[in-house]
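Please read all numbers here as calculations on a predicted model, not as lab measurements. Just so we're on the same page: letters track the sequence lines, and every chain starts at 1.
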There are 2 protein chains.
Amino acid sequence: MVRAGLSAAKVTEAAAEMADEVGLDQVTISALARRFGVKDASLYSHVKNLRELRVRIALLGGEEMTERIAAEVAGRAGRDALVAFANAYRRFALEHPGRYAATQMRFDPEEVADSVALRRSIELTYGMLRAYGLTEPDLTDAGRLLRAAFHGYIHLELSGGFAHPREVEDSWSRSLDALHVLLENWPSH
Amino acid sequence: MVRAGLSAAKVTEAAAEMADEVGLDQVTISALARRFGVKDASLYSHVKNLRELRVRIALLGGEEMTERIAAEVAGRAGRDALVAFANAYRRFALEHPGRYAATQMRFDPEEVADSVALRRSIELTYGMLRAYGLTEPDLTDAGRLLRAAFHGYIHLELSGGFAHPREVEDSWSRSLDALHVLLENWPSH
DNA sequence: CACCGTTCCTAGACTCTCTAGGTAGAACCC
DNA sequence: GGGTTCTACCTAGAGAGTCTAGGAACGGTG
């Protein structure tokens, strides 16, 4: 008997790759087992169930994503930081749609409680916004709007919601200009 | 034998209701059949398959949503129209999360080709933006950003992404203020 | 070498989608 | 009222997926 030599980490990595290729909801225990040349039941030694597998994809994706964003934003402020953040965010989501989709799942608080990436990504956003001179509660409001705009844009783009011929690239960078202007003129009170 | 008296419309309506109650991905043919006290196979007389059922939910939801938005926006312009549009959009999504989720599916062009609601919702957005004095291509760019912001906000809210204690209601209306300012100062060229 | 934990297996229960072909109610028409 | 036809609903079953229980073989450790 030749063993595949699996582990929780290997299974998660392969699942993430599969999610990027065929979509998160096409990642099934049995399809993954097939990919490893192994029986379904074997995977349950490494992963509790399908739900947990997807959460693992999300945690992996979240880490990779914030790492890339952090690297791009490092040393920048204001418009430069905003553009770097946004482009790193979007590029990751487009290159890794499955991982990205996983990060958008609904989690129980305890599932992501010990996720460093989550906390770090919030810090990154707030740091960026503070450079615009914002303070609470504007910080929270602007942060939410920014996250919503980024996520909404990518979601619509990935789901084919932009049918109009105008290039999404152009639209995107013009939207970033607009958001920059918005943050500079955030209406306080 | 007592008949349930089903039809495609009744099945769709019940499926939409079910989606709002338990989530779109919990709407299965068998669960729906159970709800009607009927065997799974019986539903296939009314609906081609699960995919088509979900598309029907989306089309139904889309119609209801644009109808409500149109009613709220009618006769308003500028900030009033923006706020009315946004609030109607959000309220519908929060009251009908299943229907709303269905409208965010990825569709083949032909599936939604004859959807009046889709075209009307685009017209509504563009009408609103023209009142801000925008012209192409700013119209498209601003429209995309607006849709992204609305959708992103609701998606994050529905998926529990706003953990911070600050009231979402307040954040939301402040974000609408901000978007209003943004549209008034949209950076052309 | 014998022990032990881990990896992988078989077997099977349960759920879901969807097809093929059959039965029984309702509506029409003479 | 009896026959025809449409269609709502049925049984039966194939196929795919999740997941559990319990067993076998491999790898490393004493």
Just by distance, with hydrogens left out, do B/H151 and B/Y100 show a side-chain donor and acceptor under 3.5 Å apart? yes
Rounded distance in Å - OH (A/Y44) to C1' (C/dC9): 15 Å
What is the distance, to the nearest angstrom, from the CD1 atom on A/I29 to the C1' atom on C/dT15? 16 Å
Nearest-Å distance for atom pair NZ/C1', residues B/K10 and D/dC9: 14 Å
Would you say A/H46 reaches C/dC8's phosphate, i.e. side-chain N/O to OP1/OP2 under 4.0 Å? yes
Residue A/A41, side-chain heavy atoms: nucleotide from D/dG17, C/dT19, C/dT10 that is nearest: C/dT10
Heavy atoms from C-beta onward define the side chain here; which of D/dC19, C/dC8, C/dT17 lies closest to that of A/S42? C/dC8
Rounded distance (Å) that lies between atom P of C/dC9 and atom CG of A/L43: 9 Å
To the nearest Å, how far apart are A/D25 CG and C/dC16 P? 18 Å
If you count every heavy atom of other residues, nucleotides or ligands that lies below 6.0 Å from B/R119 atom CZ, does the total exceed 12? no
Picking from D/dG17, C/dC18, D/dC19, which would you name as closest to the side chain of A/S30? D/dG17
Counting side-chain heavy atoms from CB outward, which of D/dC19, C/dC18, D/dC9 is closest to B/S45? D/dC9
Whole angstrom is fine here: how far is it from NZ in A/K39 over to C1' in D/dG22? 17 Å
Consider only side-chain N and O atoms of A/S171 and B/R144, and report whether a donor and an acceptor are under 3.5 Å apart. yes
Starting from P on C/dT15, measure out to CG on B/D40 and report it in whole angstrom. 11 Å
A/L6 side-chain proximity, nearest of C/dT10, C/dC8, C/dC18: C/dC8
Does the side chain of B/W186 pick up a donor-acceptor pair with the side chain of B/D141 at under 3.5 Å? no
Indicate, with a heavy-atom threshold strictly under 4.0 Å, whether B/R51 touches base, sugar-phosphate, or nothing. nothing
Between atom CZ in A/F36 and atom P in C/dC9, what is the gap in whole Å? 12 Å
Side chains of A/T140 and A/E136: do they bring a donor and an acceptor to under 3.5 Å? yes
